[in-house]
Amino acid sequence: MKRIFSGVQPSGNLTIGNYLGAIKQFVELQNEGDAFYCVVDLHALTVPQDPDELRKRSREIAQLYLACGVDPDKATIFLQSHVKEHAELGWLLQCVSYTGELNRMTQYKDKSEGKSAVHVGLYTYPVLMAADILLYDTTHVPVGDDQKQHIELTRDIAERFNGRYGDVLVIPEPQIQEFGARIMALDDPEKKMSKSAESEGSRIGILEPPERFRKKIMRAVTDAENEIRFDPEKKPGISNLLTIYSMFADVPVESLVERYAGQGYGTLKKDLVEVLEDKLGKIQQRFVQFDDQAELDNILRRGAEKARAVAEATLNRVKDAMGLVRFG
Ligand code: AQP
């Protein structure tokens, strides 16, 4: 049986990149195994957050999981900070991780670039992510392409741990889609779309109203030609729009290229706006339907209890293997 684990940071308003790269897969995979979907609030603290905003966003992401189709009767939904074993295993794994491997993490390099002061948590965050995954004896981790390096690190840490202490941790596999694993920024298609990027025009929020995302799509950077072709290297802008269109409309890119042959970029953009109005509109309606905060808290409470039971058993195995004293 597959054991699936993944999470999303409440570090900004979720984008269609987060949806297409990760959450859409969460919904599909909940039918294929025992799935744990976490709101990784401890990770969001690696950069400064407004406390009230963080609380609001953490609940909002859980509500969005539901609105996007994650079913709490099939998958376990919970907040990372509600299961203290994450932080504890994070520390234990730091003691089998090397600074050299953390120095190589590209996300750390990107996020710390040009900053005069960087929090230690930003540097050690990939080890906490390894703990998140390994606590649940995870076999599959559905993520976007940007997280590939962190999953490789998780595997390295787990293999090293098992090499030193015996067969304790399950080695996970990344589950990265072949298509749509990296949605690019609308105003700069060489960069990844990110929820915390400075430029508002770079991204579309899952909860964004059509009047806002219409302008962003119509202004999306393309190229000087007017030929609709899927070529991410030479035509990153138009290829990104085709990817988003294809994934939301569930139509292969080749069919879209055929459909829009000989037509201008403006027509494609207008039609994409309509597709997004429909698909995001449905998620937004469901989001409102799941607005009962008491019920949401119940789901999160139940989820944390279920997660804790699995996490505690793994942590005890790790502690025993490492030689920490536990009373029977
Ligand atoms: N542009 C993207 N295309 C495809 N997948 C993406 N993901 C993020 N951006 C894209 C995937 O979304 C999941 C949740 O991401 P995260 O919250 O853990 O943090 P992240 O990867 O750092 O995503 P962001 O949006 O760029 O957040 P910030 O701005 O806070 O750093 C992951 O599976 C990720 O791969």
Side-chain angles (χ1 to χ4, degrees), residues 4-29 35-50 53-54 57-58 60-62 64-65 68 70 79-80 86 105-113 115 118-119 121-122 125-126 128-130 132-133 138 140-154 172-200 202-208 220 232 236 239-241 243-244 246-248:
I4 298 139
F5 175 91
S6 197
V8 175
Q9 297 186 55
S11 47
N13 297 322
L14 291 206
T15 70
I16 56 171
N18 300 126
Y19 175 71
L20 296 176
I23 301 175
K24 198 162 179 271
Q25 288 203 81
F26 294 2
V27 178
E28 288 153 13
L29 285 169
F36 288 76
Y37 298 134
C38 187
V39 178
V40 282
D41 49 358
L42 297 177
H43 289 294
L45 294 173
T46 55
V47 293
Q49 302 288 345
D50 174 80
E53 267 295 302
L54 179 62
R57 280 211 203 103
S58 298
E60 192 175 280
I61 289 181
L64 259 175
Y65 282 174
C68 291
V70 177
L79 303 185
Q80 183 188 26
H86 287 251
M105 294 297 113
T106 53
Q107 201 178 69
Y108 170 70
K109 286 190 210 163
D110 291 347
K111 289 197 174 178
S112 57
E113 196 183 355
K115 302 230 162 72
V118 174
H119 294 124
L122 186 65
Y125 138 83
L128 181 58
M129 179 167 160
D132 301 338
I133 295 166
T138 304
H140 293 77
V141 193
V143 281
D145 176 67
D146 64 318
Q147 292 296 337
K148 194 172 174 199
Q149 195 187 29
H150 291 155
I151 311 289
E152 277 162 9
L153 176 74
T154 301
E173 291 286 340
Q175 182 105 13
I176 299 172
Q177 303 170 119
E178 275 180 26
F179 180 72
R182 185 176 282 255
I183 301 299
M184 309 308 282
L186 298 175
D187 58 353
D188 181 356
E190 304 287 338
K191 283 193 188 145
K192 185 190 79 135
M193 184 182 286
S194 258
K195 62 176 117 65
S196 66
E198 261 174 43
S199 158
E200 261 292 323
S202 65
R203 59 177 174 264
I204 294 177
I206 304 177
L207 293 177
E208 207 165 294
S239 302
N240 190 39
L241 296 180
T243 304
I244 297 170
S246 160
M247 291 188 83
F248 271 108

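When reading the values below, keep in mind they use all heavy atoms of this one structure, side chains included, and skip hydrogens, waters and symmetry mates. For clarity, every value in this text was computed on a predicted model and none was experimentally measured. In listed order, ligands and their atoms are each counted from 1.
With a 4.0 Å cut-off on non-hydrogen atoms, K195 touches ligand 1 through its backbone as well as its side chain. Counting heavy atoms under 4.0 Å from ligand 1, residue H43 does not touch it at all. Under 4.0 Å from ligand 1, not a single heavy atom of A44 appears. Within the 4.0 Å heavy-atom criterion, neither part of M184 lies near ligand 1. Only the side chain of A22 comes within 4.0 Å of ligand 1, judged by heavy-atom distances.
When only interatomic distances are considered, the shortest N/O to N/O separation between S6 and ligand 1 does not fall below 3.5 Å. For ligand 1, the polar-atom distance check against Q147 finds a nitrogen or oxygen pair separated by under 3.5 Å. By the 3.5 Å distance cut-off applied to N or O atoms, V143 is not counted among the residues near ligand 1. Any N or O atom pair closer than 3.5 Å counts here, and Q107 shares at least one such pair with ligand 1. The shortest N/O to N/O separation between Y125 and ligand 1 does not fall below 3.5 Å. Considering backbone and side-chain atoms together, A197 places no N or O closer than 3.5 Å to any N or O of ligand 1. In terms of polar-atom proximity, M193 is counted as a contact of ligand 1, with an N or O under 3.5 Å from an N or O of the ligand.
Ring to ring, Y65 and F26 are close: their centroids are under 6.0 angstrom apart.
With T106 as the fixed residue, the side-chain hydrogen bond (donor to acceptor under 3.5 Å, both in side chains) test singles out one of K148, Q149, H150: Q149.
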Could you go through the side chain to side chain donor-acceptor pair (under 3.5 Å) check for S11 and K195 one step at a time?
CA-CA 7 Å; S11 47; K195 62 176 117 65; 3.0 Å; yes
Would Q107 and Y125 count as a side-chain contact (heavy atoms from CB on, under 4.5 Å) here? Give the steps.
CA-CA 10 Å; Q107 201 178 69; Y125 138 83; 3.2 Å; yes
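Heavy-atom contacts of S11 reach the following atoms of ligand 1: 28 (P), 30 (O) (cutoff under 4.0 Å). If you number the atoms of ligand 1 from 1 as listed, the ones under 4.0 Å from a heavy atom of V8 come out as 14 (C), 17 (O). Atoms of ligand 1 lying under 4.0 Å from any heavy atom of Q9, numbered from 1 in the order shown and given with element: 16 (P), 17 (O), 18 (O), 19 (O).
Taking each heavy atom of S58 and V39 in turn, the nearest pair found is O-CG1, 3.8 Å.
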